[in-house]
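Counting starts at 1 for both ligands and their atoms, in listed order. Everything quoted here is computed from the prediction, not taken from an experiment.
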Amino acid sequence: MAEQPLSTRAVLTGTGAYLPAQVLTNEDMAKRVDTSDEWIVERTGIKQRHFAAPHETAAFMGAEAGRQALEKAGLPPEALGAVIVATSTPDQSFPATAVRIQAMLGAKKAFGFDLSAACSGFVYGLSVADAMLRAGQVKSVLVIGTEVFSRILNFEDRTTCVLFGDGAGAVLLEAREVEKSGPGLLSTHLYADGSLGDILYVDGGTGQKDKPGHLVMHGREVFRHAVNLLAGAVNDALAENNLTAADIDLLVPHQANKRIIDGVGKKLGLPAERVVVTVHKHANTSAASVPLALAEAIQDGRAAPGKLLLLEALGGGLTWGSALLRL
Ligand code: COA
């Protein structure tokens, strides 16, 4: 057989995950707001979430997940090229959480920056890392999604505070010369529609004096857009690679809501066993949700070497996107 030409790809070589020790069940939430386990499970599939302790900041959790990813890949921190952190809940406006993490890891040669794209942040981060690696700018990039949404939730608003949780997930991507059928990111697709900015946002922050800001969401509106936009992102990924849904071994969706996950899976005609679901265990962890789901699927063996994974996410902005990744 003729040898295939080699090209540079961003290959996943390690993953990591961190969830705070404190778990709040739906029953615990019902003690804080007028809600019930039945309502939350029926509408969202969520059964519990993790809430960070004071020391578990976005940087702390992201560094824990990042360290694991480096260890799994066997890459010493000093050899790391860059850290990209997707977060909407950074420790501070600056320095960037990525740079805090760079110091915590001892990744002395890495540069780093934060990326703000809400729940799509990790997929956006993969896309940026992919471009940097294929351009030859760096040889390795840690892409981390880390969030402490418990600190921006309005605990007077039962329609939002039961939906989110805290956590961090990380992947290490390394530039490798591979054959066409080999591992790596095959494509990423990113989208945004800022005209929908007011259906999911934070009503404060540094732009508004004396208002730290809480998450505000018009859930029905978000839901109305989510399945169609995500299906579009997924179909674009398949079309660009001349693939069909049947070629996908595992869908790794953003974990916001079981009904949205099922809706996309159904549109693709994927059986439940080919869709990774973690939302029942840690609710919506925003930019951390896709890397947490990915780390779990790799850990339990569902996402094994050679498998083709389709990642997707949608969040405030609106922003959304997809990534096709062969392990
Ligand atoms: N517990 C109990 N009742 C609640 C509740 C809660 N936590 N939150 C809302 N309700 C009530 C409402 O007050 C309303 O009562 P009413 O009919 O007496 O006015 C009723 O439940 C229905 O509210 P509604 O907002 O229409 O519910 P819904 O079926 O649209 O479900 C969401 C709400 C948020 C679960 C749903 O819209 C959703 O999942 N949206 C997508 C959100 C998402 O995933 N966003 C993240 C994207 S990154």
Sidechain-backbone polar pair: [X] side chain, [Y] backbone, donor-acceptor under 3.5 Å:
{"X": "Ser120", "Y": "Val123", "answer": "no"}
{"X": "Gln4", "Y": "Lys180", "answer": "yes"}
{"X": "Asp114", "Y": "Ile84", "answer": "no"}
{"X": "Glu27", "Y": "Asp37", "answer": "no"}
{"X": "Asp247", "Y": "Leu243", "answer": "no"}

At what distance is the nearest protein heavy atom to atom 41 (C) of ligand 1, and which residue and atom is it?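 Looking at atom 41 (C) of ligand 1, the protein heavy atom closest to it is Gly219 O, 3.4 Å.
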
Protein heavy-atom partner closest to atom 29 (O) of ligand 1 - residue, atom, separation in Å: Arg43 NE, 2.8 Å

Does ligand 1 have any atom sitting under 4.0 Å from a heavy atom of His254? yes

Any atom of ligand 1 sitting under 4.0 Å from a heavy atom of Ile40?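 Contact absent.
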
Between Arg259 and Asp262, is there a salt bridge with N-O shorter than 4.0 Å? no

Charged N-O contact under 4.0 Å between Glu177 and Arg9: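 No, this pair does not count.
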
Element-labelled atoms of ligand 1 that are located less than 4.0 Å from some non-hydrogen atom of [X]:
{"X": "Cys119", "result": "48 (S)"}
{"X": "Ile260", "result": "44 (O)"}
{"X": "Met217", "result": "42 (C), 43 (C), 45 (N), 46 (C)"}
{"X": "Phe223", "result": "38 (C), 39 (O), 40 (N), 41 (C)"}
{"X": "Asp34", "result": "1 (N), 2 (C)"}

Just heavy atoms, cut-off under 4.0 Å: does [X] contact ligand 1 by side chain, backbone, both, or neither?
{"X": "Val162", "value": "side chain"}
{"X": "Val222", "value": "side chain"}
{"X": "Thr160", "value": "neither"}
{"X": "Thr44", "value": "side chain"}
{"X": "Val33", "value": "neither"}

Within a distance of under 4.0 Å, is there any protein heavy atom near [atom]?
{"atom": "atom 39 (O) of ligand 1", "value": "yes"}
{"atom": "atom 7 (N) of ligand 1", "value": "yes"}
{"atom": "atom 32 (C) of ligand 1", "value": "no"}
{"atom": "atom 3 (N) of ligand 1", "value": "yes"}
{"atom": "atom 14 (C) of ligand 1", "value": "no"}

In terms of ring plane angle, is the pair Phe60 and His55 parallel, tilted or perpendicular, where the classes change at 30° and 60°?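 The rings of Phe60 and His55 stand perpendicular, inter-plane angle above 60°.
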
Please state which option from [options] has its nearest heavy atom closest to [atom].
{"atom": "atom 44 (O) of ligand 1", "options": "Cys161, Ser120, Ala256", "value": "Ala256"}
{"atom": "atom 46 (C) of ligand 1", "options": "Asn284, Leu314, Asn257, Leu215", "value": "Asn284"}
{"atom": "atom 24 (P) of ligand 1", "options": "Arg224, Glu42, Arg220", "value": "Arg220"}

Given the rule in the side-chain contact (heavy atoms from CB on, under 4.5 Å) test, do Leu12 and Leu173 qualify, once you have shown the distances and angles that lead to the verdict? CA-CA 5 Å; Leu12 187 145; Leu173 296 174; 4.1 Å; yes

Under 3.5 Å: N/O of Thr35 near N/O of ligand 1: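 Yes, at least one N or O pair falls under 3.5 Å.
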
Have Gln255 and Thr285 got a donor and an acceptor in their side chains that come within less than 3.5 Å? no

Is there a donor in the side chain of His189 and an acceptor in the side chain of Glu240, or the other way round, less than 3.5 Å apart? yes

Honestly curious: do Ile199 and Val202 fall in one hydrophobic cluster under the side-chain, below-4.5 Å linking rule?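 Yes, same cluster.
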
Smallest separation among heavy atoms of Ala323 and Thr188, with atom names: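 In this case the closest contact between Ala323 and Thr188 is CB-CG2, 3.9 Å.
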
Can you confirm whether more than 12 heavy atoms, excluding those of Lys72, are under 6.0 Å from its NZ atom?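 Atom NZ in Lys72 is packed in, count exceeds 12.
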
